[in-house]
Amino acid sequence: MSPLRIFLLVLSFATTASLEGIVHVVKKGENLTTISKAYNVSVAELKKVNNIENANNISIGQKLEIPGSAPRFVDYKIRNGESLSSIAARHGVNAKEIAAFNGIRDFNKIRAGQVIKIPSKTGEAARKYSSLPWSVRNALAKIPVKQSQWKTIVIHHSGTVADRAKNIDRFHREERNMENGIAYHFVIENGTRGTKNGDIYISERWKKQLHGGHMKLWAHNQIAIGICLIGNFEKSRPKAKQMEQLEALINYLQEKAGIPGKAVTTHTLMHPNHTLCPGKFFPTSQLKRMVN
């Protein structure tokens, strides 16, 4: 029997699970060896935690505490339109892991309102961008990322105190004749022009995985993800909510595109003789702490 099959079989019998621990109810045909493999712990650990002297002396219906090294998970309520794959992508885990934790044999047989367990043993990256609104994470999860294309993330400011992504998109299309619209892949609003502070605008460039138009050199536009924060940071600092969402978005992009912290930078650091963007009041030192 394959490890995944064992995982599905055994986890479907777990009766109690939370951030505090996992309790497994022994079923017919199980032994400590199969249970230990399902939870990725050792037989010795199972024996110690449950005060078992003889590994062969367990009975059907017996409750076994799974030791702390076992995977942990959180409850998640499925929403309309979600699939196991989109849920997995949003939480930074594999769909097969979710299936294993919930005894799901058919990925298509999930329903809105169903509560499932999301394993968090590999979800550290997901927790880093958990402050992204659900609507943003859901939208991002639907976009296949071309990992081989993106090598760096570059931060900009709009240079305008009051603005919004849709206005910039229209300007870039009509005044700069940019066929693909707004030059950036993402814009983080500041609450002006009818927007909500910290809202993230996902442009068509990211949705279609197109090159940017935010850098001076064509070669840089091919590999650089552009994030623009609305504001003029030659005059004032970005808003706290903008920086919070910037950190979460960067963490998401780093994990999905495999971009190291040293490759997250600003426009002026890329082209010191070309621009002051994102301005003297942009907290570059804070940015470096975010990614490192």
Practice problem: Please step through salt bridge (charged side-chain N to carboxylate O under 4.0 Å, His left out) for the pair K241 and E244, ending with a clear verdict. | Solution: CA-CA 5 Å; K241 187 66 174 179; E244 173 195 292; 3.0 Å; yes
Quiz item: Between E204 and K207, is there a salt bridge with N-O shorter than 4.0 Å?
Solution: yes
Quiz item: When you look at I259 and I225, which way does the side chain to side chain contact (heavy atoms under 4.5 Å, CB included) test go after all the steps?
Solution: CA-CA 10 Å; I259 297 174; I225 301 171; 3.8 Å; yes
Quiz item: Do S158 and T160 have side-chain N/O donor and acceptor atoms under 3.5 Å apart?
Solution: yes
Quiz item: Taking everything shown except K166 itself, do over 12 heavy atoms lie less than 6.0 Å from its NZ?
Solution: no
Quiz item: Looking at N31 and T33, what are the two nearest heavy atoms and their distance?
Solution: OD1-N, 3.0 Å
Quiz item: Under a 4.5 Å cut-off applied to non-hydrogen side-chain atoms, are M243 and R237 in contact?
Solution: no
Quiz item: How far apart are the closest heavy atoms of Y184 and G226, and which atoms are they?
Solution: CB-O, 3.7 Å
Practice problem: Determine whether F107 and K96 make a side-chain contact, defined as any pair of heavy atoms from C-beta on separated by less than 4.5 Å. | Solution: yes
Practice problem: Please report the C-alpha distance between H274 and H267 in whole Å, then the side-chain angles of each, then the deciding distance to 0.1 Å, and finally whether the side chain to side chain contact (heavy atoms under 4.5 Å, CB included) criterion is met. | Solution: CA-CA 9 Å; H274 171 65; H267 196 183; 4.0 Å; yes
Exercise. Report yes or no: does R164 contribute a side-chain atom to a donor-acceptor pair with the main-chain N or O of T195 at less than 3.5 Å?
Key: no
Exercise. Mark yes when over 12 heavy atoms from residues, nucleotides or ligands other than E179 sit less than 6.0 Å from its CD; otherwise mark no.
Key: no
Quiz prompt | Minimum heavy-atom distance I182-S203, with the two atoms named | solution = CG2-CB, 3.4 Å
Exercise. Quick one: do L64 and V26 satisfy side chain to side chain contact (heavy atoms under 4.5 Å, CB included)? Show the steps, please.
Key: CA-CA 7 Å; L64 299 179; V26 179; 3.7 Å; yes
Practice problem: Kindly work out whether a path of hydrophobic side-chain contacts (I/L/V/M/F/W/Y, heavy atoms less than 4.5 Å apart) joins I202 to I227. | Solution: yes
Quiz item: Does atom CG of D106 have more than 12 heavy-atom neighbours, drawn from other residues, nucleotides or ligands, at distances under 6.0 Å?
Solution: yes
Self-check item: Closest heavy-atom pair and its distance - G279, E234
Solution: CA-OE2, 3.1 Å
Practice problem: Return yes when atom NZ of K288 has more than 12 non-hydrogen atoms of other residues, nucleotides or ligands closer than 6.0 Å, and no otherwise. | Solution: yes
Quiz item: Can you say whether the rings of H185 and H214 are parallel (under 30°), tilted (30 to 60°) or perpendicular (over 60°)?
Solution: perpendicular
Quiz prompt | Shortest non-hydrogen contact from L140 toward W206 | solution = CD2-NE1, 4.0 Å
Exercise. Could you tell me whether R173 atom CZ has more than 12 heavy atoms of other residues or ligands within 6.0 Å of it?
Key: yes
Quiz item: Any idea which heavy atoms bring Q149 and Q209 closest together, and the distance?
Solution: OE1-O, 3.6 Å
